[in-house]
Amino acid sequence: PAPPREYDWPRLAPDGRRIAAEVSGQTWIYDTARDTLTRLTFAGTQNDGPAWTPDGTRIAVRSNREGAPGGIFWQMADGSGGDERLSTPEQVADLAQSFSPDGQFIAFTRPDPKTQRDLWILSVKDRARKVFLATPATEGAGRFSPDGRWLAYVSDESGRPEIYVQPFPGPGGKWQISTDGGSEPAWNPNGRELFYRVGDRMMAVPVTTQPSFSAGRPTELFKGTYLASTFPLTGTTYDVTRDGQRFLMIKDQAASATQINVVVNWFEELKRLVPIDRAR
């Protein structure tokens with residue numbers, strides 16, 4: 001029953017009851033139990049890409065408040081208290097992607113004129129940040145695995161977006177998950193599946209993370225005309241419930257039927273109702 005809006009980047013809270021989403025450049029919270037939609041961010045003209053902390057108390061967003069071109073800020077999800085800057089880029093826009101399960105790290109992307117867009121890791125404790133992956137290709141959409149030992153991401157190093165997994169914090173090899181293109185990765189909370197999208201298809205890949213990583217064959221879960229990210233290398237327009245059985249998607253509302261009345265001989269009817277002499 002959420003009211004119609006131009007929703008983007010939906011994120012389910014850990015409690016499964018609240019949804020953070022971008023609406024026209026700002027982050028809003030929809031409470032499914034209370035059926036209320038409340039604006040969370042106000043400072044700045046851009047507050048997008050919401051990411052929940054694992055305990056559900058805070059939300060991190062990319063924001064241009066305080067004159068930042070796109071720093072990462074976080075604030076309490078209930079709107080209490082103020083906001084706090086987590087990253088301070090100079091001329092670039094950092095975009096938070098996901099928190100590690102222990103809440104100690106944030107995977108985020110940062111553009112670079114030499115290496116396109118790279119994956120970075122930010123320590124919440126001391127705000128230290130370091131590059132996780134920087135190549136001539138574009139990397140983004142970093143999502144921590146439920147056990148915190150792996151990071152799924154998108155890269156166009158092959159010439160098209162594909163899904164990969166690397167160990168966190170590294171070092172180590174990498175595994176290609178998708179086989180025919182892919183974007184918007186998301187883990188099943190049970191840690192045994194990776195989801196991603198190819199066009200209007202939702203794909204699932206069985207994975208094993210213990211004692212080492214391995215991935216099975218991608219299969220199609222379902223197909224549907226749901227909103228896809230405008231930025232497939234960094235954005236995600238769906239989320240997965242904690243039981244791994246349902247998906248939160250965005251769908252355009254169908255246009256309501258409209259009755260059209262056609263009036264024929266309109267000028268003749270006008271002349272009858274408003275004679276020429278009266279019209280003068």
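Taking Ser229 as the reference, nothing meets the side-chain hydrogen bond (donor to acceptor under 3.5 Å, both in side chains) condition, with sequence neighbours excluded. Applying the side-chain hydrogen bond (donor to acceptor under 3.5 Å, both in side chains) test to Arg192 and every residue at least two apart in sequence or in another chain returns nothing. For Tyr226, there are no ring-ring contact (aromatic ring centres under 6.0 Å, His included) partners at least two apart in sequence or on another chain. In terms of the side chain to side chain contact (heavy atoms under 4.5 Å, CB included) criterion, residue partners of Val240 (sequence neighbours excluded) are, by chain and number, Ala186, Pro189, Phe195, Tyr238, Phe247. Residues meeting the salt bridge (charged side-chain N to carboxylate O under 4.0 Å, His left out) test with Asp118, sequence neighbours left out: none. With sequence neighbours excluded, no residue forms a ring-ring contact (aromatic ring centres under 6.0 Å, His included) with Tyr196. The salt bridge (charged side-chain N to carboxylate O under 4.0 Å, His left out) check on Lys174 picks up Glu157, with sequence neighbours excluded. When the salt bridge (charged side-chain N to carboxylate O under 4.0 Å, His left out) test is applied to Glu184, the partners found at least two apart in sequence or on another chain are Arg197.
For the pair Thr241 and Leu248, the minimum side-chain heavy-atom distance is 4.5 Å or more. A 4.5 Å side-chain heavy-atom check between Asp180 and Arg160 finds at least one atom pair inside the cut-off.
Smallest separation of non-hydrogen atoms from Pro3 and Leu37: CG-CD2, 3.7 Å. The heavy-atom pair separating Ser100 from Pro54 by the smallest distance is O-CG, 3.2 Å.
For the atom pair OG of Ser63 and CG of Asp83, the computed distance is 7.5 Å after rounding to the nearest 0.5 Å. Taking CD1 of Ile177 as the reference point, atom CD1 of Ile163 lies at 8.5 Å (rounded to 0.5 Å). Atoms CG and CD, from Leu233 and Glu139 in turn, are 9.0 Å apart once rounded to the nearest 0.5 Å. Taken to the nearest 0.5 Å, the CG atom of Asp243 stands 8.5 Å off from the CG atom of Asn188. Taken from OG1 in Thr27 to CG in Asn47, the straight-line distance is 6.0 Å, to the nearest 0.5 Å. The CZ atom of Arg117 sits 8.0 Å away from the OG1 atom of Thr138 when rounded to the nearest 0.5 Å.
Without hydrogens or angle criteria, Gln97 side chain to Thr234 main chain gives a donor-acceptor distance under 3.5 Å. Not a single donor-acceptor pair under 3.5 Å links the side chain of Gln75 to the backbone N or O of Ala77. No donor-acceptor pair closer than 3.5 Å links the side chain of Trp74 to the backbone N or O of Leu86. At least one donor-acceptor pair closer than 3.5 Å links the side chain of Arg18 to the backbone N or O of Gly56. In terms of modelled atom types and a separation under 3.5 Å, the side chain of Trp120 and the main chain of Arg129 share no donor-acceptor contact. Panel note: side chain Thr53, backbone Arg58; a donor-acceptor pair is recorded below 3.5 Å. Side-chain N or O atoms of Asp94 include none that pairs as donor or acceptor with a backbone N or O of Ile72 at under 3.5 Å.
When hydrophobic residues (I, L, V, M, F, W, Y) are linked wherever their side-chain heavy atoms come within less than 4.5 Å, the members clustered with Leu95 are Trp9. Met76 shares a hydrophobic cluster with no other residue; no ILVMFWY side chain has heavy atoms under 4.5 Å from its own.
Both Trp28 and Tyr7 belong to a single network of hydrophobic side chains, linked directly or stepwise wherever heavy atoms of I, L, V, M, F, W or Y lie under 4.5 Å apart. Taken together through direct or relayed side-chain contacts under 4.5 Å among Ile, Leu, Val, Met, Phe, Trp and Tyr, Leu151 and Phe99 form parts of separate hydrophobic clusters. In terms of hydrophobic clustering, with Ile, Leu, Val, Met, Phe, Trp and Tyr side chains grouped at heavy-atom distances under 4.5 Å, Trp150 and Phe132 are assigned to different clusters.
A salt bridge does not link Glu22 to Arg62: none of the charged nitrogens lies less than 4.0 Å from a carboxylate oxygen.
When only modelled atom types and interatomic distance are considered, Ser24 and Glu6 share no side-chain donor-acceptor pair under 3.5 Å.
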Side-chain donor-acceptor pairs of residues 201-214 under 3.5 Å, sequence neighbours excluded:
none

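Residue pairs meeting the ring pair (Phe, Tyr, Trp, His ring centres under 6.0 Å) criterion with at least one partner in residues 155-174, sequence neighbours excluded, are Phe105-Phe168, Phe144-Phe168, Tyr153-Tyr164.
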